[in-house]
Enquirer: 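Sharing a structure below in structure tokens format, with a few things to ask.
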4 protein chains.
Amino acid sequence: MPAQTFRKLPYRPRDAVRTRAGILAAATAAFAAHGLGGARVDEIARGAGVNKALLYHYFGNKQALFLAVLEEVYANIRGAEAALELETENPPEAMERLVDFTWEYFLEHPEFITLLNSENLHRARHLKRSKQVRALHHPLVDRIGEILERGIARGDFRADVDPVQLYISIAALGYFYLSNAHTLGTVFDRDLLAESEKEARRRHVQDVVRGYLRPVVLS
Amino acid sequence: MPAQTFRKLPYRPRDAVRTRAGILAAATAAFAAHGLGGARVDEIARGAGVNKALLYHYFGNKQALFLAVLEEVYANIRGAEAALELETENPPEAMERLVDFTWEYFLEHPEFITLLNSENLHRARHLKRSKQVRALHHPLVDRIGEILERGIARGDFRADVDPVQLYISIAALGYFYLSNAHTLGTVFDRDLLAESEKEARRRHVQDVVRGYLRPVVLS
Amino acid sequence: MPAQTFRKLPYRPRDAVRTRAGILAAATAAFAAHGLGGARVDEIARGAGVNKALLYHYFGNKQALFLAVLEEVYANIRGAEAALELETENPPEAMERLVDFTWEYFLEHPEFITLLNSENLHRARHLKRSKQVRALHHPLVDRIGEILERGIARGDFRADVDPVQLYISIAALGYFYLSNAHTLGTVFDRDLLAESEKEARRRHVQDVVRGYLRPVVLS
Amino acid sequence: MPAQTFRKLPYRPRDAVRTRAGILAAATAAFAAHGLGGARVDEIARGAGVNKALLYHYFGNKQALFLAVLEEVYANIRGAEAALELETENPPEAMERLVDFTWEYFLEHPEFITLLNSENLHRARHLKRSKQVRALHHPLVDRIGEILERGIARGDFRADVDPVQLYISIAALGYFYLSNAHTLGTVFDRDLLAESEKEARRRHVQDVVRGYLRPVVLS
DNA sequence: CATGAATGAGGCTTCATTCAT
DNA sequence: TATGAATGAAGCCTCATTCAT
């Protein structure tokens, strides 16, 4: 009840930047929890502590707001990723770091998963309109390519690896597990989100990627 | 089954069964296309060529209908899977068959993916109520376990593999690619659903699984 | 309060034709009173004693409902007009009847005027989509043409009259007076809608039309 | 008018007058295009290049702004009319000039028509509050009365003409044609706003007024 | 078994207007 | 004088569901 007190009293920010960010945050939460169609504009406005009309003033409509959210979460993950130290002497270690980062990012940002699922249900209709998002991903592919090259040169990795395929697989192994944890947990009767299970999955994913990348030995 | 039957015209028995199946088919299509929240009861009824009230008569409400759809698609995939010949002499080949089957099933049954995504958005709320679905999955885990055992015994596979983790990974590598093809295709600027790309993915998935399962060689 | 009683109790018609007509009537009243933009769907539904959703079920949207109203009022005026006995021996008398009818119709159907004004504000956007309305007006032009021909032949009328221009003038003299009675009354400080004034206008319109149609005498 | 004036930059005096006029012009355009209810305060402010709050500062509210617009357009038409040279030796010529002026004014000021229609939809609620508008119209009636008197005295005109009725008819013949051009054009399948049609209408209106005013000849 | 008619609740969006500076 | 930020009220429309036959 104190929160209310703060919101009701003269805490109307009148700070466009902060208000906009607040709306975006509330929208991210709502879209993540219920999907684009399931989220309620009313709830978002309430969550941001503003009037619905203001939301429309800033973002135009629900779909544009959804796109803004998508662009932000993409910028966030790629931003965090960019901060990784991957240009190490040791390509397998770099790869391990990338795998760990990806798994942990999904784990700590469940909204990323639901948001992308929702966008895919709509066949990426919104994202396709984005002008920034493509550019965000070139560096990622380049960096993975460089790690692979160095690793192949050193004999750490097998030679025939497509960086995009590899990245999709790294993501897939974590994303699918988390995205579908509820149905998988139900049908396999196993609490996949228990801490120990999550740690087991992390190791499994590392194993799969490492195992796959091992050079092929001819007997 | 008196005179009425004749007076009221083509009242073939089993109509009820067929009508029910028609509704289920229309519902599958609608839920797959738009998700649970996005599908319209009106559209389902129209698609099945029946009155909305009849749909309620048969299934009670939208959510129960959704669960019926889920149960059906799970039964379908597990049924097709069960028909696979995996008890071969050659465990790597059996594994390859399972991987191919899984990839191809997802490819040919895109509804399976959207339906599960939708159910996961709802944290498997409906599926948890199902009494049949769990039983459906025991054989799957058992069979994978058997293949692994035989393969390990023969030195085909590494020794530390959890069948459930493995199955989740096999599914993940295909499912995520297809489920997120639209966003991935957009951000990587690549048509992941082109025939050649799909075939490349199939090979990649095989490579990953085979690579992972290779016994660990100590130098 | 008895009306309510009837509406609230099992007087849900379940008679599609009657319900539809009721909605149309309520819509006519509302659009006439407030224009297309000013009328409220809520008010229309309440006026018809039905739920808003039903209105959308029958008419699709507000604009389609507006068009349905327009088509109905046009059909009504042209229908009433068609019932006039104009094929008399005496063309001036026929003309007089048409003038009187037109004036009185506008007087007794003020909704016709506001509806058309509203549609003209929208540049006839809705009416242009109508398939029926054009056909409705051919007979009118033909009949006026015939009266004129006979009158000219008999020396009752001047010779150079375009039937469409004439009809527009006959309508104009009454329509504008009634349509703009409020502003005209205000600026000229005169109650143009008093009974005596209306009767005076009727005579004036007859005078103008008769005066105009008189054959031109060369001195 | 101290230092501030120089510090705050181009604060020309009389800006207020110009700003007000700009708002009025934008409002006239918007109300003419969409009616009172259909016009958007936002659009008016944008059109005037000012902040919405300023508009409220100057005019109080939308309805008061609408009244201001009405008063201006009435002042404009009566002002232009007053500049006509009607006190000629030749009453029929004076009448012809008035008819031409009226027609042409409507033609060149379509906003006048839509604004009055909108005000009449509201039963002249705003205009009735105006203190200036009534006074504006006395001279008009007087002048028409004088022309009529002189013409009757000279035997140019019939004797029983009410100046207000006559003016209303002169206005009606042009106003209704233009106001309802879209619906009339649609139902009669004729482009009433083509240049040739407009010129034909002008001549027709002149014919009707002249024909009506001709003295009644007793055979 | 099957249907057409009807509805309550709620969703997205718009808009005139006011506030704080 | 002028502004950008913010809002309450309401408008159009949709949707899952029920009723009466």
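Letters A, B, ... are given to chains in the order of the sequence lines, protein chains preceding strands, and every chain is numbered from 1.
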Enquirer: For Lys62(A) and for Ala39(D), find the nucleotide of DNA chain E with the closest heavy atom, then tell me which residue's nucleotide is more 5'.
Expert: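 The residue mapped nearer the 5' terminus is Lys62(A).
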Enquirer: Could you say whether Gly60(D) or Val17(C) is positioned toward the 5' end of DNA chain E, judged by the nucleotide with the nearest heavy atom to each?
Expert: Val17(C)
Enquirer: Applying ring-ring contact (aromatic ring centres under 6.0 Å, His included) to Phe112(D) and Tyr74(D), what does each step give before you reach the verdict?
Expert: CA-CA 8 Å; Phe112(D) 186 74; Tyr74(D) 265 116; 5.7 Å; yes
Enquirer: Let's see if you can work this out: which of dC12(F), dA16(F), dT1(F) has an atom nearest to the side-chain heavy atoms of Tyr58(D)?
Expert: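 Of all the options, the side chain of Tyr58(D) is nearest to dT1(F).
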Enquirer: How many angstroms lie between NE2 in His182(A) and CG in Leu116(B), if you round to the nearest 0.5 Å?
Expert: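 If I round to the nearest 0.5 Å, the distance is 13.5 Å.
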Enquirer: Check if the side chain of Lys52(A) and the base of dT7(F) share a donor-acceptor pair of N or O atoms closer than 3.5 Å.
Expert: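 Answer no: no donor N or O sits under 3.5 Å from an acceptor.
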Enquirer: Mind calculating the distance between CZ (Arg20(A)) and P (dA5(F)) to the nearest angstrom?
Expert: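 After rounding, the reported distance stands at 12 Å.
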Enquirer: Applying side chain to side chain donor-acceptor pair (under 3.5 Å), name anything that partners Gln63(B), two or more places apart in sequence or on another chain.
Expert: Arg125(B), His126(B)
Enquirer: Taking CG from Leu65(A) and C1' from dT13(E), how many angstroms apart are they, rounded to a whole number?
Expert: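 Distance, rounded to whole Å: 13 Å.
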Enquirer: Considering only side-chain heavy atoms of Ala53(C), which listed nucleotide, dT18(E), dT17(E), dC15(F), is closest?
Expert: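 The closest nucleotide is dC15(F).
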Enquirer: Classify the side-chain pair Glu71(D)/Ser130(D) by whether it contains a donor and acceptor separated by less than 3.5 Å.
Expert: yes
Enquirer: Just the rounded figure in Å: distance from P of dC15(E) to CG of Leu55(D).
Expert: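 Interatomic distance, CG of Leu55(D) to P of dC15(E): 15 Å.
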Enquirer: Of all heavy-atom pairs between Asn51(B) and Ala45(B), which one has the smallest distance, and what is that distance?
Expert: C-CB, 4.2 Å
Enquirer: Within less than 4.0 Å of OP1 or OP2 of dG10(E), is there a side-chain N or O belonging to Arg40(A)?
Expert: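 It does not, given that no N or O in the side chain of Arg40(A) lies less than 4.0 Å from OP1 or OP2 of dG10(E).
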Enquirer: Supply the atom-to-atom distance Glu111(B) CD to Thr28(B) OG1, rounded to the nearest 0.5 angstrom.
Expert: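 So the CD of Glu111(B) and the OG1 of Thr28(B) are separated by 7.0 Å.
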Enquirer: So which nucleotide from dT17(F), dA2(F), dC12(F) ends up closest to the side chain of Tyr56(C)?
Expert: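 The answer is dC12(F).
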Enquirer: From CZ of Phe59(C) over to P of dC13(F), roughly how many Å is that when rounded to an integer?
Expert: 14 Å
Enquirer: Can you tell me if Asn51(D) touches the phosphate of dA2(F), counting only side-chain N or O atoms and a distance under 4.0 Å to OP1 or OP2?
Expert: no
Enquirer: Rounded to whole angstrom units, what separation is found between the CZ atom of Arg46(B) and the P atom of dC15(F)?
Expert: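 Checked: the CZ to P distance equals 10 Å.
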Enquirer: Find the distance Gln63(C):CD to dC12(F):P and express it as a whole number of Å.
Expert: 11 Å
Enquirer: Between the main-chain N or O of Ala64(D) and the side-chain N or O of Asn61(D), is there a donor-acceptor pair closer than 3.5 Å?
Expert: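 Confirmed, Asn61(D) side chain pairs with Ala64(D) backbone.
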Enquirer: Could you check which of dT13(E), dT3(E), dA16(E) has an atom nearest any side-chain atom of Val41(D)?
Expert: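 Nearest to the side-chain atoms of Val41(D), counting from C-beta on, is dA16(E).
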Enquirer: Please lay out, stage by stage, how Leu55(C) and Ile44(C) fare under the test side chain to side chain contact (heavy atoms under 4.5 Å, CB included).
Expert: CA-CA 9 Å; Leu55(C) 184 157; Ile44(C) 295 173; 3.7 Å; yes
Enquirer: Could you state the atom-to-atom distance from NE2 of His34(A) to P of dC12(E) in whole Å?
Expert: 11 Å
Enquirer: Between His57(D) and Asn61(B), which has a closest nucleotide on DNA chain F that is more 5'?
Expert: His57(D)
Enquirer: Where the side chain of Thr19(D) is defined as all heavy atoms beyond and including C-beta, which of dA2(F), dT17(F), dT7(F) is the nearest nucleotide?
Expert: dA2(F)
Enquirer: Return the angle between end axes of the helix from dA2(E)-dT21(F) to dT21(E)-dA2(F), with five pairs used per end and rounding to 10°.
Expert: 30°
Enquirer: In whole angstrom, give the distance that lies between atom CG of Leu54(A) and atom C1' of dC19(E).
Expert: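 For the pair Leu54(A) CG and dC19(E) C1', the rounded distance is 13 Å.
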